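Scroll down for the structure; my scribbles are underneath it.
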Amino acid sequence: MAKDVARLREIEAQEEREKISSLDVRGKPKPSVSGSDQQKPGENPEEVKKEISIGLMPKPPLFKSSSRKKYLIRGGILFVVLLLIGLSLWFFTSKEPIPIEELPIQQNPPETVPEKPEIVIPDSLIETSKTISGEVSKIEEIQEILNQALRETSTLDSFSRVLIKNTDQNRLISLGELAASFQIEVPEGFLEKLDPDFTLAVFSQNQGNRVAVITKVKDGEGLNNLFKSWEKSISEKGVLISGNKIQTTANSFKTAYVQKVGLRYLTISKDDLGVCYAWFGDYFVLTDSFDSIKKIIQQLII
């Protein structure tokens, strides 16, 4: 740097000397020097001065552009972070808080239990004043339900229908289950000739309540022979109900007629208690009193 300054000063001094020497005594410029005395282009003081001036100018530091780029990057990152924070605050503060009690509670779906089909109850085959219902899960409980129905008070000379449902199998009890509950012997093949739909009823009369079963015959072939076999068994062994032998006042069945319908009966006691049955048309009726079977025949033949 010092050498350049010294050179610059030397050039300026030379220029001054040349200006002075170029003037004559009168102050006029001397004639130009020709040939070798002319100044070479490369040694033009103005050009040398310009080059030295340029060389003397301080150069900008090399780290300026890189520092500015770093500042811009840092500023951009800071702007993005502030923008994200602002958006997050706006999102969470603008939404209304959900009350605790309204928060949905995830629950396990309830186990689906198949629904039992509705029990189909057939129409009653006779007129009844009311219906008494009971439920059982085993055959031994049927007798107790029927005994409860017999203890109920009903209108005199009227029938109360008794419906006993088997809850385990979701259906009404069958004729076979009814006979089994009282341990009544039934001729083999007899129940298969009867319609499975039947009406079980309790008849209210002066001597007390009596039981009646009404159903229809679907196969009458050989039915009379089964009746004869059944009557013979009862005459020999007696009437067995729940394993107990019931004493009778007669030793054999007799025939009676109600409106020209023949019925068979076996008297057990004078209080109108016995075994009575009739088969007319497609109906089969079994009762334990003469008054109840007579009432049923009167209803069905009208």
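All values below were derived from every heavy atom in this structure, side-chain atoms included, with hydrogens, water molecules and symmetry-related copies excluded. Note that the structure is a prediction, hence the values are computed from the model and not measured.
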A quick test of your reading: do over 12 heavy atoms of other residues, nucleotides or ligands sit less than 6.0 Å from CD of Glu185?
no

Side chains of Val213 and Thr287 in contact at under 4.5 Å (non-hydrogen atoms)
no

Report yes if the side chains of Glu144 and Gln148 come closer than 4.5 Å at any heavy-atom pair, otherwise no.
yes

Each residue besides Tyr257 in its hydrophobic cluster should be listed here, by chain and number; the cluster joins Ile, Leu, Val, Met, Phe, Trp and Tyr at side-chain heavy-atom distances under 4.5 Å.
none

Residues at least two apart in sequence or cross-chain that pass side-chain contact (heavy atoms from CB on, under 4.5 Å) with Leu226, listed by chain then number, are Pro187, Phe190, Lys193, Leu223

Which atom pair, heavy atoms only, marks the closest approach of Gln299 to Glu127?
OE1-N, 2.8 Å

Report the residues that fulfil ring-ring contact (aromatic ring centres under 6.0 Å, His included) with Phe203, sequence neighbours left out, ordered by chain and then residue number.
Phe159

If we only count heavy atoms from C-beta on, is the Asn170 to Glu118 side-chain gap below 4.5 Å?
no

With Phe198 via ring-ring contact (aromatic ring centres under 6.0 Å, His included) - residues at least two apart
none

Quick one: pull up CG in Asn209 and OG1 in Thr153 and give me the separation to the nearest 0.5 Å.
7.5 Å

Is it the case that the side chain of Ser233 and the backbone of Trp230 share a donor-acceptor pair, with hydrogens and angles ignored and the cut-off at 3.5 Å?
no

Under 6.0 Å between ring centres, would you say that holds for Tyr265 and Tyr277?
no

ring-ring contact (aromatic ring centres under 6.0 Å, His included) partners for Trp279, two or more places apart:
none

Tell me if a side-chain donor or acceptor on Asp271 pairs with a main-chain N or O of Leu273 at a distance below 3.5 Å.
no

Considering residues, nucleotides and ligands other than Gln259, do more than 12 of their heavy atoms fall under 6.0 Å from its CD?
yes

More than 12 heavy atoms from other groups under 6.0 Å of NZ on Lys138
no

Taking all atoms of both residues into account, what is the closest heavy-atom pair of Ser181 and Leu178, and its distance?
OG-O, 2.7 Å

Which residues pass the side-chain contact (heavy atoms from CB on, under 4.5 Å) test with Ala179, sequence neighbours left out?
Val186

Suppose we screen for side-chain contact (heavy atoms from CB on, under 4.5 Å). Which residues come up paired with Leu125, at least two apart in sequence or across chains?
Thr199, Ile214, Lys216

Decide ring pair (Phe, Tyr, Trp, His ring centres under 6.0 Å) for Phe253 and Phe227; before the verdict, give the C-alpha distance in whole Å, the side-chain angles of both, and the deciding distance to 0.1 Å.
CA-CA 11 Å; Phe253 280 82; Phe227 288 150; 9.9 Å; no

Could you tell me if Gln205 and Ser289 have a donor-acceptor pair between their side chains, going purely by distance under 3.5 Å?
yes

Hey, what do you get for CG (Leu300) to CD (Gln298), rounding to the nearest 0.5 Å?
10.5 Å

Per the salt bridge (Lys or Arg N to Asp or Glu O under 4.0 Å) rule, what does the pair list look like for residues 279-294, sequence neighbours excluded?
none

Quick test of your reading: applying salt bridge (Lys or Arg N to Asp or Glu O under 4.0 Å), list the pairs with at least one residue in residues 154-180, sequence neighbours left out, ordered by first then second residue.
Arg171-Glu177

Close side-chain approach of Thr249 to Ile268, heavy-atom, < 4.5 Å
no

Are the side chains of Leu194 and Leu175 in contact, using a 4.5 Å heavy-atom criterion?
yes

Tell me, do Leu263 and Phe280 make a side-chain contact under 4.5 Å, heavy atoms counted?
no

Closest non-hydrogen atoms of Leu266 and Ser252, given as atom of the first, atom of the second and distance, are CD1-O, 3.2 Å

Taking C-beta and beyond as the side chain, do Val285 and Ile297 meet within less than 4.5 Å on heavy atoms?
no

Indicate the atoms forming the closest heavy-atom contact of Ala149 with Ile132, along with that distance.
CB-CD1, 4.0 Å

Who clusters with Ile119? Use side-chain heavy atoms, under 4.5 angstrom, across I, L, V, M, F, W and Y, and order the result by chain and number.
Ile121, Leu163, Leu172

State, without any angle test, whether Ser154 and Ser160 hold a side-chain donor-acceptor pair at a distance under 3.5 Å.
yes

Under the salt bridge (Lys or Arg N to Asp or Glu O under 4.0 Å) definition, can you give me all pairs with a residue in residues 248-269, not counting sequence neighbours?
Glu231-Arg264

Output all residues satisfying side-chain contact (heavy atoms from CB on, under 4.5 Å) with Val136, sequence neighbours left out; order by chain, then residue number.
Glu141, Ile142, Ile145, Ile164, Ile173

